[in-house]
Visitor: 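Input: one structure, supplied below.
Counting convention: from 1, in listed order, for ligands and their atoms alike.
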Amino acid sequence: MRVLSLGECNTTNQAVLRWVDEMVALCKPDEVFWCNGSASEREALLDAAVEKGILIRLNQEKLPGCYYHRSNPNDVARVEQSTFICTIDAEQAGPTNNWMAPKEMYQKLRALSAGAMQGRTLYVVPYLMGPAGSPLAKVGIELTDSLYVVLSMGIMTRMGDIAFEQLAEDDEFNRGLHCMLDIHPERRYIAHFPQDNTIISVGSNYGGNVLLGKKCLALRIGSYLGRQEGWFAEHMLVLCVESPEGEKTYVAAAFPSACGKTNFAMMIPPAHFKGWKIATIGDDIAWMKPGADGRLYAINPEAGYFGVVPGTNSSSNPNAVEMISHDTIYTNVALTPDLDVWWEGKDGPVPRECLDWRGNKWTPASKEKAAHPNSRFTTPMANNPVLADEANDPLGVPISAIIFGGRRRDTMPLIFQAFNWVHGVYVGATMGSEMTAAAVGGAGQVRRDPMAMLPFCAYHMGDYFRHWINMHRLIKHPPRIFHVNWFRKNSHSEYLWPGFGENMRVLKWVVDRCRGRIDAEESALGWVPSSRTFDLSGMSGMTPERFEKAQEICEDEWRRELVLQEELFMRLYSHLPKELIFQRELLMARL
Ligand code: GTP
Ligand code: SPV
Ligand code: MN
């Protein structure tokens, strides 16, 4: 067999070759580099990135295999106003998406991409979303002029020849084009063409805008295909709870961006829960499909985590601290003089001096944050000390519970369980959450974020709710549905619930409910734990009164909440399933 040299093409797939030729003719790069995903290729590309100043090699004694990257200060998060769904007509995309006619958007983006890679290298990045051989897995190819994207995709996906092996001679793969251009907000578009399984992203080099397998393919294109093909693409973590007796329960949870998925997916149960174990299947995205046995099976399409750094420490998330201590790319954190990284909320002392995420000198007296609030780690899931073996299972795991949750300083109790599937769909559909730094603009404001999918559902949100209701018929043993809120505060702005590892108590209740092992009380919102049987033992600072406060259903708050829900329903009215309007009426009656 002939040995290929670095960057040489390694596929005979005619559809791939034709499309790459076409894009090369458009973008006019000086060079084309085909990635194969090997370890030696990665080493060479990391060296090249350091040489070009794209990455800084961190202190290899403290942080072996770790690198540092700063993005352009105008490009630090997803930009929802530049994200477009280019379905044939606007109606299909619905009122919660930006829409442009495909023809018009293709024209605009072809003009912007024409010759955009002159003097640059076009990297061909073949990748597989999902475990090899999984019936749910999908192949994508991202063409990019960003080495940072190549190196990140190598962590976040199963990248390289493995994707061509899965694809064989098929022409069904996601076509992704990414051109950095001049990283200018006015020339920034993240455009999706669901009917063509195509994504074009220009003018950014940050996370969810440019790692096209993640939000663009796995969620936006995925949601569109899922509706057509009878499955779910969801913004959910997936975890396994294992009891001391070895009984495993699989749980999926949808929390909006920067609202606790990564933390929940890899938490360590408090000492009180002796013998209980949490293992991670995924921390951000779940693809779920009914299996032959009537249960709903989930895979994690990703192979790495692009996680929020600030607040990560050995009490909030000890597993993450270990996970990101090697072979990790850090983006937009602070850099210390000895080439270590720092962020607000890190263990240990605050550095006397460092460079902030922009590269400016920072001291503890500085007014601004040293690390950007949306600074991130990119780390392979293999680094996770509690990675579940099932993360690589092509068949996925059977889900017993789905948890929805938002970031709410008031209104929402710590935990309740929906009465049934349609009620659960209503609970997910009406979710509200305070916006975070994960997207540009509006941080802190409460907005409706149905199923944590507002920025990611590529079709009419009303049709999405209909899809959720319809799927019930295909799932003989549907998961139970719950709602949580870790973020409720008292009048002193203190969190009522300690969160993080203590969330195990809530999770244990969820598991016990799914298995019919614990009683619940009926409330206006749904089933709630009785304070008699909910396990608060061994908690410092948590009293039954405080728990009652966290669980309180406050009439005034709910009057406001119902108005906010109605605003969403009005917006979606023409496509809104009547079942959800009925659920809202039932809730009003109960309240
Ligand atoms: P994306 O990657 O943006 O989708 O975010 P995510 O949902 O995975 O959120 P992540 O787990 O990274 O948490 C985001 C922020 O919420 C971090 O600053 C955490 O420290 C904080 N957080 C997570 N869990 C809890 C919790 O139980 N209680 C409190 N108070 N904060 C939490
Ligand atoms: C999110 O915003 O939900 C993320 C981060 O997971 S990004 O990949 O940038 O979208
Ligand atoms: Mn996310």
Visitor: Hey, does Gly499 come in under 3.5 Å of ligand 1, counting only N/O atoms on both sides?
Guide: no
Visitor: Which of the listed options, Lys215, Arg78, Met156, holds the heavy atom that is closest to atom 6 (O) of ligand 2?
Guide: Lys215
Visitor: Under 4.0 Å between a side-chain nitrogen and a carboxylate oxygen: does that hold for Asp340 and Lys346?
Guide: yes
Visitor: Go through ligand 2 atom by atom and flag the ones less than 4.0 Å from a non-hydrogen atom of Ser257.
Guide: 1 (C), 2 (O), 3 (O)
Visitor: Under 4.0 Å, heavy-atom basis, I'd like to know which part of Phe500 is in contact with ligand 1: side chain, backbone, both or neither.
Guide: both
Visitor: Under a 3.5 Å threshold, yes or no: a donor from one side chain and an acceptor from the other, between Asn374 and Arg376?
Guide: yes
Visitor: I'd like the name of whichever of Lys489, Met267, Arg407 reaches closest to atom 15 (C) of ligand 1 through any heavy atom.
Guide: Arg407
Visitor: Identify, by atom number and element, the atoms of ligand 2 in contact range of Asp284, meaning under 4.0 Å from any of its heavy atoms.
Guide: 6 (O)
Visitor: Between Phe487 and ligand 1, which part of the residue brings a heavy atom under 4.0 Å of the ligand: side chain, backbone, both or neither?
Guide: side chain
Visitor: Taking atom types as modelled, is there a side-chain donor on Asp75 or Ser204 under 3.5 Å from an acceptor on the other?
Guide: yes
Visitor: Please determine if Gly307 has a nitrogen or oxygen closer than 3.5 Å to a nitrogen or oxygen of ligand 1.
Guide: no
Visitor: Assess Ser316 for proximity to ligand 1: is some non-hydrogen atom of it under 4.0 Å away?
Guide: no
Visitor: Angle at the Mn ion (ligand 3), NE2 of His235 to NZ of Lys215, rounded to 10 degrees, please.
Guide: 80°
Visitor: Specify side chain, backbone, both or neither for Asp284, according to which of its non-hydrogen atoms lie closer than 4.0 Å to ligand 1.
Guide: side chain
